[in-house]
Amino acid sequence: MHMNKVISCSKAVEMIPDGATIMVGGFMGVGSPHRLIDEMVRQGRKNLTIMANDTAFEDIGIGKLVAAKMIRKLITSHIGLNPETQRQVIEGEIEAELCPQGTLAERIRAGGFGLGGILTPTGIGTVVAEGKQIMEVDGKQFLLEKPLTADFALIAAHRSDYRGNLEYSLTARNFNSIMATAGRTVIVEPEHIVPTGVIPPDAVATPFVCVHHIIGRA
Amino acid sequence: MHMNKVISCSKAVEMIPDGATIMVGGFMGVGSPHRLIDEMVRQGRKNLTIMANDTAFEDIGIGKLVAAKMIRKLITSHIGLNPETQRQVIEGEIEAELCPQGTLAERIRAGGFGLGGILTPTGIGTVVAEGKQIMEVDGKQFLLEKPLTADFALIAAHRSDYRGNLEYSLTARNFNSIMATAGRTVIVEPEHIVPTGVIPPDAVATPFVCVHHIIGRA
Amino acid sequence: MDDKILIAKRVALELKSGSLVNLGIGLPTLVPRYLPSDMEVYFQSENGIIGMASVPGPGMEEPSLTDAGGGFVGAIPGAASIDSCFSFGLIRGGHLDLTILGGLEVDEQGRLANWMVPGSRLPGMGGAMDLVTGAKRVIVAMSHTAKGQPKIKKQCSLPLTSVRRINLIVTEMAVIEPTDEGLVLREAAPGVKIEEITAATEADLIVPAHVPEMQVDPALPGDLFYLGGTSRSH
Amino acid sequence: MDDKILIAKRVALELKSGSLVNLGIGLPTLVPRYLPSDMEVYFQSENGIIGMASVPGPGMEEPSLTDAGGGFVGAIPGAASIDSCFSFGLIRGGHLDLTILGGLEVDEQGRLANWMVPGSRLPGMGGAMDLVTGAKRVIVAMSHTAKGQPKIKKQCSLPLTSVRRINLIVTEMAVIEPTDEGLVLREAAPGVKIEEITAATEADLIVPAHVPEMQVDPALPGDLFYLGGTSRSH
C-alpha cells in the first residue's frame, strides 16, 4: 500500500491563499491545468504573483486569471496575444517582469535544483540587462539571472500514476516538467490517472517525489 | 529518404586524434560505450583528456583507457574503485581534476546549453573552492564552476533510430544524455538501432539533432 | 510576385540539408513551402518539438501539438518532444543552425530590434532574444520599409533584441549582409534599381561594383501557405 | 549485537514514511532492513534511480540497474529513472529528505570529512559533497573510533566534505546531535557509560542531566543484509 495523493480540484485550490506565488504550466494555453485555473476563478483568489511563459488568450488558460483581475504581479516572456494583459500592464494594474523565454525556463530550473542563478548571454546589451550583474567568464560576458521558486506549481500532464510519476504529451510538456521541480507544493492535473507501475521508469518525465497532489477525475 | 548516420566502430574511432578532449558516458561501467572504448584501446590513442563521472574498474569501461595509459588529463568525480587510476594520479602520470558529481553533471550541461557556468553551493568552504570565484546572490554564497565542452562525446544508449533519436535504460542513462549536448561531435553506441518513427517523440531522451554518428551492429 | 512570397523564396535558398531551423511567427513560416523536395530540413518550434511539419490534413489536428503561436502543427516520423529548458538549451548552446525572424528595425551594425514598441506595443520578447543571441545563423526576413519609412537605420530607435550581429537581411527589395565593414548590398530584387534601395535605406550601404539580381524560381507556387497555419478554435 | 547492526537499527528509527532517502555505500545500506514493513521510504541512488530496491532474487539481475557502487539492485513498481543532472538537482534543490553517510571525522561544529585522506587515499568526492550540502537532513553513521583514535574531533584533520552542519551522528556508542551550542550527547548505547563515550570523543560533548539509553529492537534480524549487495561479475 502506498500513499494516495489524489484530491479534488476544489480541495486543491482551497490550499492556495490570496497573495500566493504560483507557477502555472502551459504555452499559449497548451498544456495548462485548465480545471485548476477554472476553479481558481470560481473560488476567486486575488493579489496573485503568477510565473508562466505567457498569458495565452483572453478566454483561454492563464488569460482567465487576467480577465478575472486576480493577478498583481506577472513574471512571463510573452503577453502579445492577450490584449487584456497588455492593457492591465500598461495601465499599471499588473506589475510585469518580462523575461526571455529561455532565461525564464532556466531560472525556474535553477530554483528547483538549488543553483544560485544562471549565467546567460541572452539579454546582454539590451533593456533586460538593466540593473543586473554582468559576469565575465573566460572573456565572454554573461548576465546573472536569479532563480525562481514559488509557493505552488500548478501543472498539467498527460498521465500520472497514483504515486505521481508523470508523462507529458508533445508540446504540452513545455514548462510543466520544469515547474514540477520548483514549486514548494506541486499540484498536477493529469488527463489520465493509471495504476502505479503502468508508467515504466524510463518513460517518467517527472518523478513522483516532485509531485504533492494529483487532481482526480472530474 | 533521410541521412544515414550509421558508421562502423573503427571508422568512428579513426576520427579521434591523439590529444583529443573526450567525454565518455557511464557510471562505474554501466552505460559506457564499451565497443568504442575497446576500439580506442585497439587503435592506441594517447594524451587524451577524458571527462567522465569515474574510471570504473581496472578491467572495465574507462578503466581500460587508464590501464592502456592513454589518458593525460582526467576531469572526474570518483576514482576510488580503480587503484590503477589512483596510482597514475598520485605518481603524476595523469593530471586529475576532481569535481563533485552534481557539479560535473551541471558543468557539462552548461557547456552544452550555452550557459557561462553554474552557481552551486556545493564545495563552498572546501578544497574544491580553492582558486574559484565565490558569488553572493541574495545573501547566499555560491561557487562559480565553469562549463565543460569536448571535441567528442562517446555515449551509450539503449535504442537509437536511424536519425539518432535515443532512448536509455534505467541507470545506464546517467551522464550519457547530458554529454550528448556538449560534444562537438557526438558518437553514440546503441544496443539496438530501430527504424525512424519507432521511438515515439515523447520517449526520446536525446533528440536526433544532438547526435552526429551512430555505431552500427558489430 | 507577392512581396512575401519573393522574400520566402529567396530565404529558402539559404537553408541547408540536415540543418535545424527555427521559424519566427508570420512571414518566416512561408519558407518551408519553397524548399526542394529532396532537401531534409528539421524545424524546431521552441515550445518543444523538433521535426515540426504541417497538420497532415483536416480533422487530424492534435491539441497537444502546436507551434509557438498556438496554431496546430504536425510532426515528421522521428520527431522528438522536449521541454522548454532543452529547447532553449539547443538554441543558446549553438545547436540551432538557423533562425529566420521578422524585424522591426536593423541598425548599421546589423543589430536587430523586433520585440517591442515602447508606449504602444508590449508583447514581450518570447524566445526572440535567445534565438538571436544563440542561433548559429540569423536571417531577418522583413519588408524593406514600414509606412514608407526605412527599417534599416543608422541606429535602431526601438529596443534591441540582441547586440549580436545578424547574418543576413532579406527584403522585397534586396539582400543585405552585415559585415565588419558595414552593411553590404549583396543582391537587388528583380526590377529594383540600386538607387531605389539606397533611397529606401537610412543606413549606409556598401555597394559592390557588381550587384547581382536576386534569383528566385517564379515557377514555384505563389499562394501564401504557412507552416502550421491551422489556427486554434479560440 | 554487531556494532554495524546496532547503528543500522538505530538509524532506521530516524526514517519517515513517504520520504526520499539516499544511502551512502557500506554501512548505510544496512538500514532498509530495519524499517517497519508498513513504512514506505523511497531510496534514491544518485546514479539515476528513484525507488531502488534489492534484486528480486538470484538470476534476476539487470545490467542496467545498479547502485552508485556498481552493484546490482532492483526497483519498486513506480520507480523512475533520471539522468545525473536531475538526480543531483533533487539533491541540491532540497528535494532529498535525508542522506545517510559514513564518516571519517566530524568536528565540534558538526562538519563532516569523509572523502579523502591526503597522501594515501584519493578516491574523489563522488556525490558526497552535493549530498551533504543539499540534503534536508544528514545523518552520519560510523564507528565511534578508528584504530582506537576518536573520529569526533575538535577540528577535522582531513579535508571537509561540506561546511554544512550535519544533523545527527550515530555510532555504536552514542547518538550525538550537533547544535548551535555544540555537540549534544542524546543517547548512550546499551551498557556504555557516559565516561566511556567522552573518553572516546576528542570534541567537547554537552551532556544533559539525563541521557537515555539507545533503544533498538534486538528481535529484528541480526545478519548483515545490504540493500543492493549483489556484486557485479568483474
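These numbers come from the heavy atoms of this one structure, side chains and all, not from hydrogens, waters or symmetry mates. Each chain gets a letter, A, B and so on, in the order its sequence line appears, and its residues count up from 1.
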- Contact part of Glu106(A) toward chain C, heavy-atom cut-off under 4.5 Å: side chain, backbone, both or neither? both
- Only one of Leu170(A), Asn174(A), Thr171(A) passes side-chain contact (heavy atoms from CB on, under 4.5 Å) with Thr66(C); say which it is. Thr171(A)
- Message: Once rounded to the nearest 0.5 Å, what's the spacing between atom CE of Met125(C) and atom CG of Leu98(A)?
- Response: 5.0 Å
- Honestly, the part of Ile178(A) sitting under 4.5 Å from a heavy atom of chain C is side chain
- Task: Check whether Phe27(A) gets within reach of chain C through its side chain, its backbone, both or neither, counting any heavy atom under 4.5 Å.
- Result: side chain
- Message: Under 4.5 Å from any heavy atom of chain A, what part of Ile82(C) do you find: side chain, backbone, both or neither?
- Response: backbone
- Using modelled atom types only, decide if a donor and an acceptor are shared between the side chain of Arg92(C) and the backbone of Gly102(A) within a distance under 3.5 Å. yes
- Quick one: does Asn47(C)'s side chain get under 4.5 Å of Met28(A)'s, heavy atoms only? no
- For residues Thr161(C) and Thr126(A), determine if any side-chain heavy atom of one lies less than 4.5 Å from a side-chain heavy atom of the other. no
- Select one option (side chain, backbone, both, neither) describing which atoms of Glu46(C) are under 4.5 Å from chain A's heavy atoms. both
- Item | Proximal component of Ala80(C), with respect to chain A [non-hydrogen, under 4.5 Å] | neither
- Message: Is Ser177(A) close to chain C through its backbone or its side chain, or both, or neither, when contacts mean heavy atoms under 4.5 Å?
- Response: side chain
- Item | Atom group of Thr76(A) that falls short of 4.5 Å from chain C, counting heavy atoms | neither
